[in-house]
Amino acid sequence: MRITDLLSAKSIDLNFKVTSKAEAIDHLVDLMNSTGNIKDREAYKSAILAREDLSTTGIGEGIAIPHAKVDAVTKATLVAAVSKEGVDYESLDGAPSHLLFMIAAPDGANNTHLEVLSRLSTILMDAKFRESLINASNANEFLRLINIKETEKFGDEISKEELTKLTSNPTSDNGYQILAVTACPTGIAHTFMAAEALQNKADELGITCKVETNGSSGVKNKLTDEEIQNAECIIVAADKKVEMARFNGKKVIITKVANGIHKAEELVIKAAAGDAPIYHAHSNGHSDDSETATSEGLARKLYKHLMNGVSHMLPFVIGGGILIALAFLIDSVLGYTDALGSNTAIAVWFKFIGDTAFGFMLPVLAGYIAMSIGERPALAVGFVGGMLANVGGSGFLGALVAGFVAGYLMLGLKKVLSYLPQTLEGLKPTLLYPVLGIGLIGFIMQFIINPPCAFVNTWLTETLLNMGTTSGVLVGIILASMMAIDMGGPFNKAAYVVGIAALEAGNLSLMAAVMIGGMVPPLAIALCTTFFKDRFTEKERQSGIINYVMGLSFITEGAIPFAASDPIRIIPSCVVGSAVAGAISMFFGCTLNAPHGGIFVLPVIGQPLWYFIALVIGSVVGAILLGFLKKPLNK
């Protein structure tokens with residue numbers, strides 16, 4: 001189905017005179033209604049407005065493509081309009097829209113509108129082509145330009161087989177047109193927000209979809225072999241390693257988990273159109289990183305390996321840290337002030353369990369970084385490397401290096417041992433890999449990694465413990481700001497890892513600044529939705545209430561939907577609020593020996609009153625700044 005099959009000269013307005021988004025939609029609906037393919041104008045307009053409530057269809061670059069699939073439509077139809085002055089369509093980039101296309105599709109099994117939407121989005125990426133459409137002298141020239149560009153991009157006509165594939169729904173009860181997998185390092189918020197965004201967008205576009213989540217509690221809604229076999233394309237939105245070998249031979253889109261939240265529509269449309277390369281796996285079942293569906297840079301790969309280690313490490317750190325904090329709380333409640341956690345039997349017991357769990361931090365970090373790189377044979381090698389870093393004094397830094405060295409060491413061993421006779425294949429995983437890998441990592445750690453890393457670790461520890469007030473406040477501002485910049489992304493995770501490393505080194509103030517920096521963004525947004533109500537929609541105000549709970553629980557990701565819809569105003573406001581809170585926390589020497597817990601671990605925070613005051617001030621500053629930056633909504 002070509003774009004020009006749905007668009008006629010009579011349904012093109014080259015002299016579009018409107019001043020607002022609401023007026024533009026009303027005129028486009030009238031134009032659509034004049035085609036005779038709408039049996040209920042108001043029902044169709046309601047569907048268009050409902051789609052706009054989810055997110056604006058002003059995709060930026062001067063383009064808006066409102067669309068709806070509803071029973072009120074009798075035949076798939078497209079109308080177009082050109083506004084030389086530009087319309088304020090509330091586009092994602094804030095720029096006025098000059099080219100407006102409205103799509104109407106009947107509710108049913110046929111998904112022709114998806115192909116049209118995909119094709120339009122593709123050809124309109126060409127700036128010169130957009131300019132030629134805006135300057136078209138008449139409707140026939142407008143159609144001719146689209147016809148030429150579409151033919152140039154997609155050929156004279158789409159094959160019957162491809163059309164059937166794009167527009168038909170699977171007949172199998174277990175069949176889905178597209179599948180998706182979402183995963184983030186912590187497996188808490190991003191994982192499920194991306195899953196919900198992808199599922200909702202697919203449902204909205206009439207595409208059958210199933211999403212598997214790789215969360216902190218394990219894999220949920222797992223994709224079956226039959227579903228993978230029947231699917232046209234798979235979206236993998238993940239910031240850590242997921243099981244990829246099962247997708248061998250299928251079309252796969254690999255992207256960041258954040259794109260699953262912010263670019264759900266784009267991903268779903270590409271997947272439904274099969275716009276993705278074939279994914280290949282090695283014959284041994286391991287993923288082939290050289291042929292992934294989207295190329296990844298070295299930094300991106302290293303980040304995923306690191307996050308795989310961090311995600312597996314966090315349960316040990318958080319569980320152990322909070323148990324240690326609980327031991328301190330018990331002793332302090334009973335009146336003890338010295339050697340907290342070692343005065344009463346119950347406190348000693350909690351601290352023993354907490355210390356044991358916390359002791360797994362470095363081996364688990366190194367082990368799962370190594371496993372992410374070198375698959376399962378590297379796990380034991382990484383564990384040993386992490387433990388040697390622990391006993392060798394190189395600490396968090398040494399374990400970090402050990403994980404990467406162990407992973408790439410195993411890749412090298414695999415390559416070297418691949419020249420052995422096939423008859424020795426069974427000896428590799430049970431004898432050769434563990435003996436050679438553990439022996440080599442032991443030598444490397446003792447003579448190459450531990451000496452310099454231990455020196456650096458000792459220097460960092462002493463520096464952190466002896467920081468002056470000014471330098472401490474500056475570090476607190478930086479770390480707290482990083483927690484708010486991308487709210488769960490690489491900057492946020494980097495700051496959190498620094499906080500954990502400092503905690504392991506004995507500096508408890510940095511962890512306090514990190515946590516307060518992550519608590520402020522959702523709280524600032526919650527306060528703003530409460531006291532600046534006219535800046536938000538009713539749905540946003542309802543979500544704002546939830547952010548009170550998420551902020552107090554140290555779940556920064558609650559701010560992501562707001563940041564995604566208005567990053568220019570939301571992110572700077574949150575960063576300033578977090579920076580203020582982090583500075584106050586460091587200035588008054590607030591400390592935290594539990595790496596999570598939010599307001600619920602306030603009793604074991606050093607200087608709890610000042611910490612609470614810092615949290616309130618930072619949140620209020622962020623809320624007030626956001627309230628001034630955001631304009632009242634146009635009623």
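Only this structure's heavy atoms are used, side chains among them; waters, hydrogens and symmetry mates stay out.
When all heavy atoms of Gly321 and Pro595 are compared, the pair lying nearest together is CA-CD, 3.8 Å. Considering all non-hydrogen atoms of both residues, Gly403 and Ile373 come closest at O-CD1, 4.4 Å. Summarising the geometry of Gly407 relative to Ala378, their closest heavy-atom pair is CA-CB, 4.3 Å, with the distance given to 0.1 Å. The two residues Cys233 and Ala271 make their nearest non-hydrogen contact at CB-O, 3.3 Å. Of all heavy-atom pairs between Ala495 and Met483, the closest is CB-SD, 3.8 Å. Pairing each heavy atom of Met244 with each of Ile254, the nearest pair is CE-CD1, 3.6 Å.
Val401 has its side chain within reach of Cys453: a pair of non-hydrogen atoms, C-beta onward, lies under 4.5 Å apart. Side-chain contact between Thr591 and Ile605 is absent, with no heavy-atom pair separated by less than 4.5 Å. Using a 4.5 Å heavy-atom cutoff, the side chains of Leu420 and Leu432 are in contact. With a 4.5 Å cut-off on side-chain heavy atoms, Met482 and Ile478 count as touching. Residues Val498 and Val514 are not in side-chain contact: their nearest non-hydrogen atoms beyond the backbone lie 4.5 Å or more apart. Residues Phe600 and Ile322 have side chains not in contact (no heavy-atom distance under 4.5 Å, counting atoms from C-beta outward). Side-chain contact between Leu314 and Tyr496 is present, with at least one heavy-atom pair separated by less than 4.5 Å. Annotation: side chain of Ile234 is not in contact with side chain of Ile178 (no heavy-atom distance under 4.5 Å).
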query = For Met313 and Ile500, what are the C-alpha separation, side-chain angles and deciding distance, and is it a side-chain contact (heavy atoms from CB on, under 4.5 Å)?
reply = CA-CA 10 Å; Met313 173 193 74; Ile500 292 176; 3.9 Å; yes
task = Might you work through the side-chain contact (heavy atoms from CB on, under 4.5 Å) test for Leu362 and Met387, ending with a clear yes or no?
result = CA-CA 7 Å; Leu362 301 186; Met387 183 60 74; over 6 Å; no
ask   = Is there a side-chain contact (heavy atoms from CB on, under 4.5 Å) between Met519 and Thr556 once you walk through the steps?
value = CA-CA 6 Å; Met519 294 170 70; Thr556 317; over 6 Å; no
request  = Output, in order, the C-alpha distance, side-chain angles, deciding distance and verdict of side-chain contact (heavy atoms from CB on, under 4.5 Å) for Val520 and Leu615.
outcome  = CA-CA 7 Å; Val520 165; Leu615 179 63; 4.1 Å; yes
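We find the CD1-CD1 distance between Ile546 and Ile525 to be 12.5 Å, quoted to the nearest 0.5 Å. Distance check: Tyr176 OH to Thr224 OG1 gives 8.5 Å after rounding to the nearest 0.5 Å. Atom CZ in Phe350 sits 5.0 Å away from atom CD1 in Ile330 (nearest 0.5 Å). Distance OG1/Thr182 to CG/Asn214: 7.0 Å, rounded to 0.5 Å. The NZ atom of Lys263 sits 9.5 Å away from atom NZ of Lys270, with the distance rounded to the nearest 0.5 Å. Met586 CE to Leu510 CG: the interatomic distance, rounded to the nearest 0.5 Å, is 5.0 Å.
Between the side chain of Ser585 and the backbone N or O of Gly582, no donor-acceptor pair lies under 3.5 Å. Under the 3.5 Å distance criterion, the side-chain polar atoms of Ser372 are left unmatched by any main-chain donor or acceptor of Ile369. At least one donor-acceptor pair closer than 3.5 Å links the side chain of Asn457 to the backbone N or O of Gly393. The main-chain N or O of Asn308 is found under 3.5 Å from a side-chain atom of Ser311 such that the two form a donor-acceptor pair. In terms of modelled atom types and a separation under 3.5 Å, the side chain of Gln177 and the main chain of Thr208 share a donor-acceptor contact. Of the possible polar contacts, none joining the Glu265 side chain to the Lys201 backbone as a donor-acceptor pair under 3.5 Å is found. Tyr611 contributes a side-chain N or O that, together with a main-chain N or O of Ile516, makes up a donor-acceptor pair within less than 3.5 Å. Although no hydrogens or angles enter the test, the distance criterion places a donor-acceptor pair under 3.5 Å between the side chain of Asn450 and the main chain of Leu388. In this structure, Lys250 contributes its side chain and Asn230 its backbone to no donor-acceptor pair below 3.5 Å. Side chain of Asn221 to main chain of Glu212: no donor-acceptor pair is present (N/O by atom type, distance under 3.5 Å, no hydrogens or angles).
Scored by the ring pair (Phe, Tyr, Trp, His ring centres under 6.0 Å) test, Tyr419 finds no partners at all (sequence neighbours excluded).
The side-chain hydrogen bond (donor to acceptor under 3.5 Å, both in side chains) pairs that include a residue from residues 315-330 number zero, where partners must be two or more places apart or lie in different chains. For the ring-ring contact (aromatic ring centres under 6.0 Å, His included) condition, the pairs that include at least one residue of residues 365-418, sequence neighbours left out, are His312-Tyr368.
Residue-environment remark: NZ (Lys210) exceeds the threshold of 12 foreign heavy atoms within 6.0 Å. Residue Phe554 qualifies as enclosed at atom CZ: its count of foreign heavy atoms under 6.0 Å is above 12. By the 6.0 Å contact criterion, CD on Glu196 is open, its count of non-hydrogen atoms from other residues, nucleotides or ligands being 12 or less.
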